Novice: 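Structure incoming, see below.
All values derive from a computational prediction rather than experimental measurement. Only this structure's heavy atoms are used, side chains among them; waters, hydrogens and symmetry mates stay out.
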Amino acid sequence: EYDDAVNDFTKVIDIDSADSFAYYYRGRSKFYLSDDKGAIEDFNRTIEIDSTDIVSYHLRGLAKLNLQDYDGAMADFNKSVEVWPGLGNLNYEKGLVKSGQQDYLGAIEEYNKAIKADPKDVKSYYERAEAKFLLTTDYQGALDDYNKVFEIDSTYQGVYFGRGYS
């Protein structure tokens with residue numbers, strides 16, 4: 001399905017190489033196909049054409065995160081917020097970057113902000129538990145967060161594993 005989309009949007013680009021939507025949708029399709037490098041190339045072109053396309057910054061940041069380009073990912077997440085302040089702070093994504101950089105205290109700070117903004121943000125509770133476990137050996141704090149994940153969504157992948165280790 002996404003392969004067909006890549007082909008279709010390539011045809012649109014062949015017709016109009018300045019169509020930012022075609023680059024965006026082809027990049028998004030490549031992202032979902034785990035072609036992060038190809039996705040980044042298309043998001044780069046989208047942003048060259050329309051520097052206010054916050055979704056391209058966000059998805060490019062996620063693709064960079066997948067490639068462990070943590071500084072590039074953080075720059076894109078910050079740019080997304082700069083272009084559209086109403087987007088929020090993307091604290092969950094920033095926490096993932098900081099975890100990837102093994103800055104677990106920084107990650108916990110970002111997850112705290114995400115949880116403050118949305119107390120039912122199961123992903124942030126889960127990732128905060130992981131950071132607590134890895135960094136501080138705060139096993140009780142990690143267990144408390146895993147329990148909160150379980151309380152919000154008992155089907156969340158990894159919650160039983162995390163609770164078992166804590």
Side-chain angles (χ1 to χ4, degrees), residues 20 23-25 27-48 50-153 155-159 161-163 165-166:
S20 66
Y23 284 103
Y24 164 75
Y25 283 110
R28 190 175 90 167
S29 297
K30 288 178 180 180
F31 177 78
Y32 289 127
L33 288 167
S34 298
D35 176 7
D36 293 309
K37 289 181 182 178
I40 289 168
E41 290 173 8
D42 282 343
F43 295 135
N44 287 343
R45 184 69 179 120
T46 302
I47 292 166
E48 286 173 19
D50 178 5
S51 64
T52 64
D53 186 337
I54 59 160
V55 179
S56 290
Y57 285 110
H58 183 242
L59 287 176
R60 186 175 73 176
L62 291 174
K64 288 177 179 180
L65 181 62
N66 290 341
L67 294 174
Q68 298 181 343
D69 175 5
Y70 300 117
D71 292 336
M74 186 65 82
D76 280 345
F77 297 145
N78 287 334
K79 185 67 175 180
S80 295
V81 174
E82 177 187 317
V83 171
W84 186 37
L87 182 64
N89 290 322
L90 299 177
N91 298 107
Y92 171 74
E93 290 86 344
K94 290 178 181 182
L96 292 175
V97 168
K98 291 185 182 233
S99 286
Q101 294 171 319
Q102 297 181 338
D103 175 7
Y104 299 114
L105 286 176
I108 290 168
E109 288 175 20
E110 293 296 339
Y111 298 134
N112 287 343
K113 292 175 191 173
I115 291 166
K116 184 176 180 183
D118 179 4
K120 293 192 182 270
D121 182 358
V122 68
K123 296 183 302 187
S124 291
Y125 278 108
Y126 181 82
E127 293 297 336
R128 186 175 73 178
E130 294 283 297
K132 286 178 179 179
F133 184 85
L134 291 170
L135 165 75
T136 62
T137 60
D138 177 7
Y139 302 124
Q140 186 58 52
L143 181 59
D144 291 345
D145 281 347
Y146 288 127
N147 285 335
K148 187 66 175 177
V149 170
F150 184 80
E151 177 185 314
I152 296 168
D153 180 0
T155 65
Y156 194 79
Q157 185 177 355
V159 69
F161 192 75
R163 286 191 342 170
Y165 268 106
S166 296

Novice: What pair of heavy atoms forms the shortest contact from Ile152 to Pro119, and how long is it?
Specialist: CD1-O, 4.0 Å
Novice: Which pair of heavy atoms, one from Leu90 and one from Phe77, lies closest together, and at what distance?
Specialist: CD1-O, 3.6 Å
Novice: Indicate the atoms forming the closest heavy-atom contact of Gly27 with Ala39, along with that distance.
Specialist: O-CB, 3.3 Å
Novice: Between Tyr111 and Leu96, which heavy-atom pair has the shortest distance, and what is it?
Specialist: OH-N, 3.2 Å
Novice: Of the non-hydrogen atoms in Val83 and Ser51, which two are nearest, and what is the gap between them?
Specialist: CG2-O, 4.1 Å
Novice: Tyr125 and side chain to side chain contact (heavy atoms under 4.5 Å, CB included): which single residue from Asp153, Asp145, Asp144, Asn147 fits?
Specialist: Asp145
Novice: What's the separation between atom CZ in Arg128 and atom NZ in Lys148, rounded to the nearest 0.5 Å?
Specialist: 10.0 Å
Novice: Given Ser56, which of Asn44, Asp42, Asp76, Thr46 fulfils the side chain to side chain contact (heavy atoms under 4.5 Å, CB included) condition?
Specialist: Thr46
Novice: Start with the C-alpha distance between Phe43 and Tyr23, add both sets of side-chain angles, then the distance that settles ring-ring contact (aromatic ring centres under 6.0 Å, His included), and finish with yes or no.
Specialist: CA-CA 7 Å; Phe43 295 135; Tyr23 284 103; over 10 Å; no
Novice: Please find the pair of heavy atoms, one from Val97 and one from Tyr70, that lie closest to each other, and give the distance.
Specialist: CG1-O, 3.5 Å
Novice: Find the distance between CD1 (Ile40) and CG (Asp69) and round it off to the nearest 0.5 Å.
Specialist: 7.0 Å
Novice: Taking atom CD of Glu127 and atom OH of Tyr104, what is their separation to the nearest 0.5 Å?
Specialist: 10.5 Å
Novice: Please check if the side chain of Ser80 supplies one atom and the backbone of His58 the other of a donor-acceptor pair under 3.5 Å.
Specialist: yes
Novice: To the nearest 0.5 Å, what is the distance between OG1 on Thr52 and NZ on Lys79?
Specialist: 10.0 Å
